[in-house]
Amino acid sequence: MEVLSLLNLDDLAQAFSKMGMFPVFDVAYYIVSILYLKYEPGSVEVSRRSPVASWLCAMLYCFSSYILADILLGSSPVDYFQYNSHILLASAVWYLVFYCPLNLFYKCVAFLPVKLVLVALKEVVRTRKIAAGVHHAHHAYHHGFFIMVIVGYVKGSGVALISNFEQLLRGVWRPETNEILSMSFPTKASLYGAILFTMQEAQWLPVSKSILILAFTLFMATSKVVMTARHSHGSPFALIESWVCHLLFGSPLGGAEEEHHHAPAPAASPIKTKEELGEGVRKRKAKKAE
Amino acid sequence: MEVLSLLNLDDLAQAFSKMGMFPVFDVAYYIVSILYLKYEPGSVEVSRRSPVASWLCAMLYCFSSYILADILLGSSPVDYFQYNSHILLASAVWYLVFYCPLNLFYKCVAFLPVKLVLVALKEVVRTRKIAAGVHHAHHAYHHGFFIMVIVGYVKGSGVALISNFEQLLRGVWRPETNEILSMSFPTKASLYGAILFTMQEAQWLPVSKSILILAFTLFMATSKVVMTARHSHGSPFALIESWVCHLLFGSPLGGAEEEHHHAPAPAASPIKTKEELGEGVRKRKAKKAE
Amino acid sequence: MEVLSLLNLDDLAQAFSKMGMFPVFDVAYYIVSILYLKYEPGSVEVSRRSPVASWLCAMLYCFSSYILADILLGSSPVDYFQYNSHILLASAVWYLVFYCPLNLFYKCVAFLPVKLVLVALKEVVRTRKIAAGVHHAHHAYHHGFFIMVIVGYVKGSGVALISNFEQLLRGVWRPETNEILSMSFPTKASLYGAILFTMQEAQWLPVSKSILILAFTLFMATSKVVMTARHSHGSPFALIESWVCHLLFGSPLGGAEEEHHHAPAPAASPIKTKEELGEGVRKRKAKKAE
């Protein structure tokens, strides 16, 4: 009986991991991604002033994971743009989200029940991308475990990792933060996912890849759907993370103290602060050298 | 009689599209490009403080189109720097424009009649670059129409597309605008040219490539010479563009209203000042050109 | 007798240029590099807030030279990350420098006598990297002298050339300056070294490569050790440079006049502040040189 259920699970996982993503899942991915682009302040204005810039941003939202992975593995960054049907589909979604009369399309897909389904479908694609990225890197560098993690990570995180430069395209510049300095849940999950898939690829995990894909997809879809439904930004990793960070990188209290020492400096206006920091460096260097 | 004239036109176009660009046309390209660099506020100061930074900027002005296209197609970004004679020639032009005693060379090439000839020659090179870029991309991706347009576009636009980073090299940072957000005439024309050449390459246009090169060169050279002579920044595409944009992306009035909704936010503070500076720059350029 | 000594010198240089760098010299390189990262203002705070960002910065400090050279030559930027042992070693150094209890490791390696030894060892690695970079570029582009210089230069300078973007990763943005606009001693020396090694590779210098490596290593190690010991930021090239710059790029006085002509324009607003900052930097440097 147990063997049978296991076999069935294996079969299910196999079938799931072989299921084609184009076009249903991919369209869901494009819709949710470009929806997030429209949420960005100023992006509607950009779509009026410069459709080319808006289209480029939409393409970055949809295909950054491919662009970044191609760059990291030394291929042409526009390699994925050879798939005309994908680009045309994403362009159609971009057009409908931004320019549909009466904002009809936007209102439909931003309607919560619809959006929850789309978000769940998007996570299916994300997990597949991580697995494919790790596998691709494994193919290029057989023992390059760091490379596998990095490629899987960028495949899962996509545009978030280059959000500073995507914003720059829209005339917005926020240097004081970035996705690596303060990771959001999907970025963190992509990192952990990339590590898991790398361990699986290196055969340090006693599970098959299809089972891992199924499990990780279920975890991601559930988490994101719950978070989207509750408008929450908390991370399910918070507890474990704080414990591991305490163990590995010293007490957060110590860190907070450290911060207290440094915090007063960047209180005033940006440019001055930076200058003051610059001063600080030199003095500190001099002191340290002494 | 008509057949004969057509044949002659074909022959002329053939001969024109096979004409070598090196060294006369290329030198004109370098001169006009580095002239524009010298117009940039602060670039003369940079040339005194750090000749290396100034030289790098000059190289970006002359060879960005090759660098960007090489990056996009996955080659080495410095691939073009293997042509020592081109680099030496551009370096000589840079040296003469910035360091010639009594500013003699600058005064000669900035003299309006001379400049008009050079500008016309530069457009010949630009058209060739677009055609070559599209052809090159077609060779790498036989059905990658988006890739052909993108590569042709960057080959025609060159440094303009990375002007934010070129400025950064000179210590200037203006994130609130970029060439894609507010396209100048040459950038727009390069985009439309890249689309035309891609359609020709895909055999959707009933003209031969050499005829297209001849026609596009004539259009570009005439437009740029007239615009330079009249210190105008208007675009010959304005009318068609406003009509097409109205049709495709909704009424500009609606767009303007939209902007009104969003405008109050970034009204105060640095961003506005920088916008004004942008205005200033353009005015100053116009003055200098006079 | 003289022949014998020459032979011995040749043998010594040969042996020296064949000596393995891993692990002793490489570890010294990692330690000094990550030490400089810890000197950067705010980097300790970043190491508490986001270990991932801190680790990435540390990797950039250790491996930027490889990353940049790989990008320039069209390889995968993460190619070097396939050497797991190097990455693990650098990660261990990063961990010890930032998170060692009681800051013990940091205190040991920042102790001046220890640091001087490490700095000397680091320069041995730097020289090797320049030579290897030039050789690698020579292999790819047999007559690409500019490419050889550029690749050797980035191999020697490493993270300094992308410091703006490395800072951005830590949430710091200082666009008003960069390493090319105001070169530090190691960056300048790397440029001159790259030129020398390129001339050697092109057989325009009457010395063998191993002798050149030995001589350049001795020069770099001595200079850096003396400068570190004396907390000096002056450059041994200052005198020759000012003479050559005067000869090639006109008198600095003339340059100042030129500046007067252009300065009034960007007088108002943010840009001026940046200009003033630039002034400030220059003055401060001038003072230091005095």
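Every chain is numbered from 1 and lettered A, B, ... according to where its sequence line falls, protein lines coming before strand lines. Values reported hereafter were calculated over all heavy atoms of this structure, with side chains retained and with hydrogens, waters and symmetry mates removed.
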Tell me, with the steps shown, if C:W94 and C:Y99 meet ring-ring contact (aromatic ring centres under 6.0 Å, His included).
CA-CA 8 Å; C:W94 161 76; C:Y99 306 107; 5.4 Å; yes

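Note that C:K38 lies in the cation-pi zone of C:Y106, set by a 6.0 Å cut-off to the ring centre and a 45° limit from the axis. Remark: C:K224 is not positioned above the aromatic ring of C:F185, lacking an NZ or CZ atom under 6.0 angstrom from the ring centre and at most 45 degrees off the axis.
Looking at C:F165, the atoms closer than 4.5 Å to chain A (heavy atoms on both sides) all sit in the side chain, from C-beta outward. Residue C:V46 touches chain A through its side chain alone, counting heavy-atom pairs closer than 4.5 Å. The part of A:L191 that comes within reach of chain C is its side chain, from C-beta onward, which places non-hydrogen atoms under 4.5 angstrom from that chain. The contact between C:L169 and chain A is made by backbone and side chain atoms together, counting heavy-atom distances below 4.5 Å. Of the two parts of C:Y83, neither the backbone nor the side chain holds a non-hydrogen atom closer than 4.5 Å to a non-hydrogen atom of chain A. With a 4.5 Å cut-off on non-hydrogen atoms, A:D70 does not touch chain C at all. Only the side chain of C:P51 comes within contact range of chain A, judged by heavy atoms closer than 4.5 Å.
The interface of residues 147-158 of chain A with chain C, defined by heavy-atom distances below 4.5 Å, comprises A:I147, A:I150.
If you check the side chains of A:Y36 and A:K122, you find no donor sitting under 3.5 Å from an acceptor.
Within 6.0 Å of OH in A:Y39 there are more than 12 heavy atoms belonging to other residues, nucleotides or ligands.
Centroid-to-centroid, the aromatic rings of A:F146 and C:F81 stay 6.0 Å apart or farther.
Per-residue counts of heavy-atom pairs under 4.5 Å with chain A were compared for C:V78, C:I87, C:D79, C:N84; the largest is that of C:N84. Your options are C:S54, C:S50, C:G74, and the one with the most heavy-atom pairs under 4.5 Å with chain A is C:S50. Ranked by non-hydrogen atom pairs under 4.5 Å with chain A, the options C:Q167, C:Q82, C:R170 are led by C:Q82.
In this pair, A:Y80 and A:Y66 present their aromatic rings parallel. The plane angle is below 30°, not in the 30 to 60° band.
Residues forming a ring pair (Phe, Tyr, Trp, His ring centres under 6.0 Å) with A:F145 (at least two apart in sequence, or on another chain): A:W204.
Across C:I34, C:L35, C:V109, a single residue satisfies side chain to side chain contact (heavy atoms under 4.5 Å, CB included) together with C:V93, and that is C:I34.
For C:N164 against C:N178, the heavy-atom pair with the smallest separation is OD1-CB, 3.3 Å.
In summary, A:E123 and A:R126 engage in a salt bridge, as defined by a charged side-chain N under 4.0 Å from a carboxylate O.
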